[in-house]
Amino acid sequence: MTGSRLTLGVQKKGRLAEGGMELVRRAGVKLAWGRDELMRRAENLPLDLMLIRDDDIPNFVASGACDYGIVGENVLYEAQARSPRIAGLETVMKLGYARCRLKLASPKDGEVRAVDDLAGRTVATSYPSLTERFLNERGVDAEIVEMSGSVEIAPRMGIADAICDLVSSGATLEANGLAAFETVLESEAVLIRAPRSKSAEIESTAELLVERFKGVIASRQTKYILLNAPKDRLEDVRAVLPGSDAPTVAPVVGRDDVVAVHAVCTEEVFWSTLEKLKAVGARSILVMPIEKMMA
Ligand code: AMP
């Protein structure tokens with residue numbers, strides 16, 4: 001929208017909604033209380049959230065009803081493949097949640113086991129454009145049956161030989177006797193914008209949000225580790241610490257042979273990491289979440 005407040009389109013209900021609201025909240029946005037079902041006003045930033053269906057977000061951003069939007073890549077790319085107006089939308093950043101895969105799957109006991117087996121057969125999907133493009137690229141001529149939901153029941157109902165659907169945990173495929181045999185797309189939530197010029201105020205709010213989102217994403221898997229280590233095993237300890245370049249090493253009162261090590265670890269810290277640290281002599285190991293980060 002034009003003006004000085006940035007309008008961000010986010011999913012109202014569904015798989016992306018919770019993660020989107022969590023991201024906005026962790027970026028320090030405080031939403032004012034309101035009865036409005038469509039718009040939520042931030043009280044501490046010139047920002048309004050527009051709560052809409054995820055399928056509508058690319059359209060709302062392309063038309064200028066929203067300045068920016070948070071949407072799944074699956075929804076974005078399908079809309080882009082269908083409409084040249086939406087094809088021009090820019091992905092500002094990946095947001096690292098709502099990860100899923102668009103996969104081709106078929107009945108476990110059936111004849112379709114690979115993409116080439118689809119020639120002359122039918123594929124049910126809610127993503128006809130992405131599916132068609134993928135099959136064209138592979139030189140396979142199959143009929144696409146578009147369904148708006150419950151795609152996984154199509155083979156059982158005799159509607160299609162295979163499906164192309166989103167898979168997260170794989171439980172839905174399993175429950176319907178289906179097995180995936182190819183990945184068409186890897187998807188996660190992304191921040192999008194139209195390449196239209198916006199007011200200086202909106203651009204500056206967008207820059208601030210992008211920096212804060214980066215901080216939230218970085219802090220999600222980053223951990224702060226504190227431990228005590230024998231001075232002569234310091235190099236072994238450093239070698240085990242995941243993704244930490246320059247730990248702080250401090251003296252421990254009354255112990256000449258031991259040092260305290262503090263490190264920010266940018267890679268996931270597993271139980272096995274702690275076990276390895278202990279094996280090289282580390283003791284009193286604490287792993288703590290990081291609330292906020294700014295480079
Ligand atoms: P799952 O059983 O966890 O593999 O989830 C599969 C079901 O959830 C299918 O019906 C998908 O259409 C849907 N699904 C999975 N991930 C997403 C997503 N990121 N966005 C929308 N729907 C999804």
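As the structure lists them, so they are numbered: ligands from 1, and atoms in each ligand from 1.
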Salt bridge (Lys or Arg N to Asp or Glu O under 4.0 Å): which pairs involve residues 268-288, sequence neighbours left out?
none
Quick note, salt bridge (Lys or Arg N to Asp or Glu O under 4.0 Å) partners involving residues 165-189, not counting sequence neighbours, are Arg99-Glu188, Arg101-Glu186, Lys108-Glu174, Arg138-Glu182
Mind checking side-chain hydrogen bond (donor to acceptor under 3.5 Å, both in side chains) for Asn44 and listing every partner two or more places apart, or none if nothing turns up?
none
Are Arg193 and Glu90 close enough for a salt bridge, meaning some N to O gap below 4.0 Å?
yes
Taking NZ, NE, NH1 and NH2 as the nitrogens, is one of them in Glu152 or Lys103 under 4.0 Å from a carboxylate oxygen of the other?
no
How long is the gap from OG1 on Thr183 to CG on Leu102, to the nearest 0.5 Å?
8.5 Å
For a quick check: using heavy atoms under 4.0 Å, what are the residues in contact with ligand 1, sorted by chain and number?
Arg15, Ala98, Cys100, Asp165, Leu166, Val167, Ser168, Ser169, Gly170, Ala171, Thr172
